[in-house]
Participant: 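Quick one: the structure is below, questions incoming.
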Amino acid sequence: MEKVSLKKDTNILQYVKENRKDNVVVARIDGRLVDLDTTLDSEKEVELISINDDEGLQVLRHSAAHVMAQAIKHIYKNAKFAIGPATDSGFFYDVDVGRTLTISDLPPVEEEMKRIVRADYSFKRKELSKEEALSYFSNDEYKIDILRRIKDSKVTLYTQGDFTDLCGGPHVPSTSFIKYFKLLSVSGAYFRGIETGPVLQRIHGACFATEKELNDYLHFLKEVKKRDHRRLGKELDLFHITDEIGAGFVIWHPKGAMLRHLIEQYEIREHLKRGYELVKGPELLRSELWKKSGHYDNYRELMYFTKVENQEFGVKPMNCLGHIAVYASKKRSYRELPKRYFELGIVHRHEKSGVLHGLLRLREFTQDDAHIFCRADQLNEEITKVLDFVKDTMDIFEFDFSLELSTQPEKHIGSEENWRKATQALQQALEKTNKEYRINEGEGAFYGPKIDVKLKDALRREWQCATIQCDFALPERFNLVYTDKDGREKRPVMVHRVILGSIERFVAILIEHFTGDFPLWLAPVQARILPVSEKFLSYGMEVYKRLSERGLRIEIDARGETLSRRIREAEKAHIPFMCIVGEREKERKSIAVRQRKKGNMGNFSVEAFSNMIDEMCKNRINQTA
RNA sequence: GCCCAUGUAGCUCAGCGGGUAGAGCACUUCCUUGGUAAGGAAGAGGUCGCAGGUUCAAGUCCUGUCAUGGGCUCCA
């Protein structure tokens, strides 16, 4: 971005051309973005914005959408267009060509786009009244609908070559600016997101300022595919999901169950260390209770119910009621607060069929859920402790993360005083982390403000995991109290919080983050023993026994395959270490250690190898890093 | 829940202008007894997601249904 002062009657496009500012695509005058082809009516400060600026790139992408629309119009004469905005990696356009499109329809469109780019049509802006525009688009129900929603009496059209579209602009000067793009996918999308309305074809494309950025993005997409937890889950034999058992339910295989177990073991240990108590509520609770909590009214479609002997029960979609029951089981004194109840709670939610997605969206999953019951004056410290917990956990699993505070929404319950105090407590705790955080005004839950934690994985993708929510509603509804110093009964504050969120979902994120190469302390199998031939099987079994006794997670591959083959298969199975035992090892009572992807590490005694593994686990060293 | 696409052996996929199925890998057996990423041979394995329909005849065409994928909507 560059600021220049230009005289009256200067045409910015001409100025840019004369001064060889090739990447400049749009300008800002008096705070408004305008096309370069603008002639100044007085001397002005003008900001020149290039495709390397965020705003310039957005304009470029938006123009790319128009080029795609033009290409589609050339191929499908009756095509109609709804909206075609820029996205954070390119653009899409929702189109109606009278039929559904498939991925094989895209290459011709892309070819035509390239032709349009080469032809270098200028984008020409034209202002006209809404009535004129309505008559221009009289055959296009989508544009008519959009026009009717525009408040201004004046609208603008943009024309490049033989194609004109309703658009607020601005655009790049001409189509040749759009050099690096690729059409990626097509899918159905409702017009204006209305489920009952017409379904359009949404074509997504990637578009970048440079060839390198486009290639990097395409590489990123490949990497995403390569790391897909559904693919790796199958390859690594961790779990499967089948309609025979039920959509949205996971069948964990031994290695996947071990991985979960290691995570859960870590969690239980950490929670106990931090003053949480383990509790456990039932899976089914009487419907009366869900009525009392408000779930019956607000959450019913997502719950499973069952009726036995005239009594209705709901399968829990959340763990709070069990924890509340623990709290309410006796009189509480201000002295015993805070109470921190933790449970690896299994919850069921009947998610709509179309949203299920591997381990990321299930109908049964496990939350690392805790509820903290505390006094208002303890809230700040409790939140701080939870944030510390989040930070330590993210460090251990090797994730970066960011924080967000969501404040009071319009529709809410609880006193203003409570909201003020709780929001302040959350905010003060956030300040103490010395980390930047974003504020989402009015995005809190109706029952209280919350902090959301988004972790960033190896591909810099963000995932919502931890969340910390203050709740004024449930203590009220269940009439929870404690006896304060002055002998009066007071209402505790309840904090709902999860650290990893859902264990299943977190496993998915871990798989993708590490591409299945888990840190040694999480690797379901840490080493595989490979006897060179059957002659050394009994020595191999001896090594197996000794390593297992020392707590290592070991397998032995005693099949009659060649050593090379068994090494290859262990490599493909992402087993971190191979212990090769043959004549030499048997004689010296040792093992030849091979590290995955790195090769032979030489000979170790069983003790030395086992100590090395212990050490790496203790320091949580990622052996594949 | 909605739109489109897909559903064939444990896995990845081929076969489809209708004539009762094929490859590679995995699996089993035999030979090979191996030293750091695929030794060789033989064999077994499928009511072609499920249920109807059209037809002399249906993975192949039609309808419904379930599931998966990409989106839309949703994620309190």
Side-chain angles (χ1 to χ4, degrees), chain A residues 92 94 96 99-105 184-204 225 228 230-231 234-235 237 240-249 293-295 297-303 317-318 320 349-358 360-363 365 409 411 444-448 450 464 467 469 471 473 496 501-502 505 530-537 558-573 575 577-586 592-603:
Chain A
F92 67 77
D94 286 348
D96 176 352
R99 67 171 175 95
T100 56
L101 296 170
T102 67
I103 192 90
S104 58
D105 293 313
L184 297 174
S185 65
V186 56
S187 57
Y190 301 113
F191 179 54
R192 296 184 45 242
I194 299 166
E195 273 192 48
T196 50
V199 178
L200 304 169
Q201 303 295 302
R202 174 167 296 180
I203 303 178
H204 278 274
K225 215 170 169 186
D228 192 315
R230 292 165 299 184
R231 204 174 71 83
K234 204 180 276 179
E235 275 178 28
D237 199 15
H240 82 279
I241 299 172
T242 168
D243 58 311
E244 204 182 359
I245 283 185
F249 301 109
S293 68
H295 288 90
D297 290 335
N298 300 312
Y299 209 73
R300 213 181 152 175
E301 320 78 76
L302 287 174
M303 286 179 66
M318 294 175 199
C320 11
R349 301 178 183 181
H350 187 94
E351 300 285 357
K352 289 181 179 180
S353 58
V355 304
L356 299 174
H357 186 89
L360 291 171
R361 198 81 179 266
L362 293 165
R363 285 180 174 153
F365 58 96
K411 217 184 106 187
F446 72 92
Y447 50 76
K450 61 173 183 175
Q464 158 95 54
T467 168
Q469 311 184 342
D471 186 352
H496 307 247
S502 139
R505 190 179 144 84
L530 307 178
V532 170
S533 78
E534 279 166 33
K535 278 186 277 184
F536 310 105
L537 177 56
R559 292 172 308 156
E561 301 290 348
T562 58
L563 182 61
S564 291
R565 187 185 188 92
R566 286 175 292 150
I567 286 171
R568 176 181 155 81
E569 288 179 10
E571 290 274 346
K572 279 176 68 180
I575 310 286
F577 289 98
M578 279 153 260
C579 302
I580 293 154
V581 291
E583 188 67 47
R584 294 197 288 276
E585 288 73 27
K586 190 179 168 184
V593 176
R594 177 190 163 107
Q595 187 170 14
R596 179 171 131 83
K597 283 182 171 170
K598 295 199 175 140
N600 200 341
M601 296 175 78
N603 272 55

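Here is the naming used below: chain letters follow the sequence lines, and residue numbers restart at 1 for every chain.
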Participant: Just how far, in rounded Å, is P of G70(B) from CD of Gln201(A)?
Facilitator: 17 Å
Participant: Could you walk me through whether Val532(A) and Glu583(A) pass side-chain contact (heavy atoms from CB on, under 4.5 Å), step by step?
Facilitator: CA-CA 8 Å; Val532(A) 170; Glu583(A) 188 67 47; over 6 Å; no
Participant: Is the phosphate of U73(B), meaning OP1 or OP2, less than 4.0 Å from a side-chain N or O of Arg202(A)?
Facilitator: no
Participant: Within the modelled atom types, does a donor on one side and an acceptor on the other bring the side chain of Arg361(A) and the base of C74(B) under 3.5 Å apart?
Facilitator: yes
Participant: Within 90° of 0 counts as syn, otherwise anti: where does G45(B) fall?
Facilitator: anti
Participant: Could you measure between the two P atoms, the one in G49(B) and the one in C16(B), and give it in whole Å?
Facilitator: 16 Å
Participant: side-chain contact (heavy atoms from CB on, under 4.5 Å), that's the test. Do Ile567(A) and Ile580(A) meet it? Break it down for me.
Facilitator: CA-CA 9 Å; Ile567(A) 286 171; Ile580(A) 293 154; 4.0 Å; yes
Participant: Give, for atom OG1 of Thr562(A) and atom CG of Leu530(A), the distance between the pair rounded to the nearest 0.5 Å.
Facilitator: 10.5 Å
Participant: For RNA chain B, what dot-bracket results from Watson-Crick or G-U pairs at under 3.5 Å, with [ ] for crossers and | for inter-strand partners?
Facilitator: (((((((..((((.....[..)))).(((((.......))))).....(((((..]....))))))))))))....
Participant: Out of G35(B), U33(B), U68(B), which has the shortest distance to the side chain of Glu583(A)?
Facilitator: G35(B)
Participant: Does the side chain of Glu571(A) come within less than 4.5 Å of Arg594(A)'s, by heavy atoms?
Facilitator: yes
Participant: Given atom CG of Asp94(A) and atom P of C4(B), what is their separation to the nearest angstrom?
Facilitator: 15 Å
Participant: Checking Arg363(A) side chain against Glu351(A) main chain: does a donor-acceptor pair fall under 3.5 Å?
Facilitator: yes
Participant: Checking all strands, does Leu530(A) fall into the base, sugar-phosphate, or nothing category for heavy-atom contacts under 4.0 angstrom?
Facilitator: nothing
Participant: Of the options G1(B), G34(B), G70(B), whose atoms approach the side-chain atoms of His357(A) most closely?
Facilitator: G70(B)
Participant: Which whole number of Å gives the distance between the P atom of A42(B) and that of G24(B)?
Facilitator: 11 Å
Participant: In whole angstrom, give the distance that lies between atom NZ of Lys225(A) and atom P of G69(B).
Facilitator: 14 Å
Participant: Nearest-Å distance, CG (Leu184(A)) to P (A5(B))?
Facilitator: 20 Å
Participant: Could you check whether any side-chain N or O of Arg566(A) sits under 3.5 Å from a backbone N or O of Ala558(A), counting only pairs where one atom can act as donor and the other as acceptor?
Facilitator: no
Participant: Test side-chain contact (heavy atoms from CB on, under 4.5 Å) on Leu362(A) and Ile241(A) and set out the steps.
Facilitator: CA-CA 10 Å; Leu362(A) 293 165; Ile241(A) 299 172; 4.1 Å; yes
Participant: Could you check Glu534(A) against Gly444(A) and say which one's nearest nucleotide on RNA chain B is further toward the 5' end?
Facilitator: Glu534(A)
Participant: Can you check the distance between G22(B) and C27(B), where both ends of the measurement are the P atom (answer in whole Å)?
Facilitator: 23 Å
Participant: Test of understanding: with side chain to side chain donor-acceptor pair (under 3.5 Å), list the residues that count as partners of Arg202(A), not counting sequence neighbours.
Facilitator: Asp94(A)
Participant: For the side chain of Val355(A), starting at C-beta, report the closest nucleotide among U73(B), G70(B), C27(B).
Facilitator: U73(B)
Participant: Does Arg559(A) put a side-chain nitrogen or oxygen below 4.0 Å from OP1 or OP2 of C27(B)?
Facilitator: yes
Participant: Which comes earlier along RNA chain B counting from the 5' end, the contact point of Val532(A) or that of Lys234(A), where each point is its nearest nucleotide?
Facilitator: Lys234(A)
Participant: Do any N or O atoms from the side chain of Arg505(A) and from the backbone of Gln464(A) form a donor-acceptor pair under 3.5 angstrom?
Facilitator: yes
Participant: Could you check whether any side-chain N or O of Glu585(A) sits under 3.5 Å from a backbone N or O of Gly582(A), counting only pairs where one atom can act as donor and the other as acceptor?
Facilitator: yes
Participant: Which value, in whole Å, describes the distance between the C1' atoms of nucleotides G39(B) and G35(B)?
Facilitator: 15 Å
Participant: Taking U12(B) as the reference, what is the distance to U65(B) when you measure between their C1' atoms (whole Å, please)?
Facilitator: 27 Å
Participant: Whole angstroms only, please: what is the NE2-P distance between His204(A) and G71(B)?
Facilitator: 7 Å
Participant: When rounded to the nearest Å, what value does the distance between P atoms of A5(B) and U63(B) take?
Facilitator: 11 Å
Participant: Take atom CZ of Phe536(A) and atom C1' of U33(B), then tell me their distance rounded to the nearest Å.
Facilitator: 9 Å
Participant: At under 4.0 Å between heavy atoms, which parts of nucleotides 36-43 of chain B does protein reach? Answer with one letter per nucleotide, 5' to 3': B base, S sugar-phosphate only, - none.
Facilitator: BBBB----
Participant: Is it true that a side-chain atom of Arg349(A) and a backbone atom of Pro317(A) form a donor plus acceptor pair closer than 3.5 Å?
Facilitator: yes
Participant: Does G1(B) have OP1 or OP2 under 4.0 Å away from a side-chain N or O of Ser353(A)?
Facilitator: yes
Participant: Whole-Å distance between U68(B) P and Ile241(A) CD1?
Facilitator: 8 Å
Participant: Between G35(B) atom C1' and Lys535(A) atom NZ, what is the distance in whole Å?
Facilitator: 12 Å
Participant: Take atom C1' in G15(B) and the same atom in G53(B), then report the distance between them in whole Å.
Facilitator: 24 Å
Participant: Say you pick atom P in A14(B) and the same atom in A57(B); how far apart are they, in whole Å?
Facilitator: 30 Å
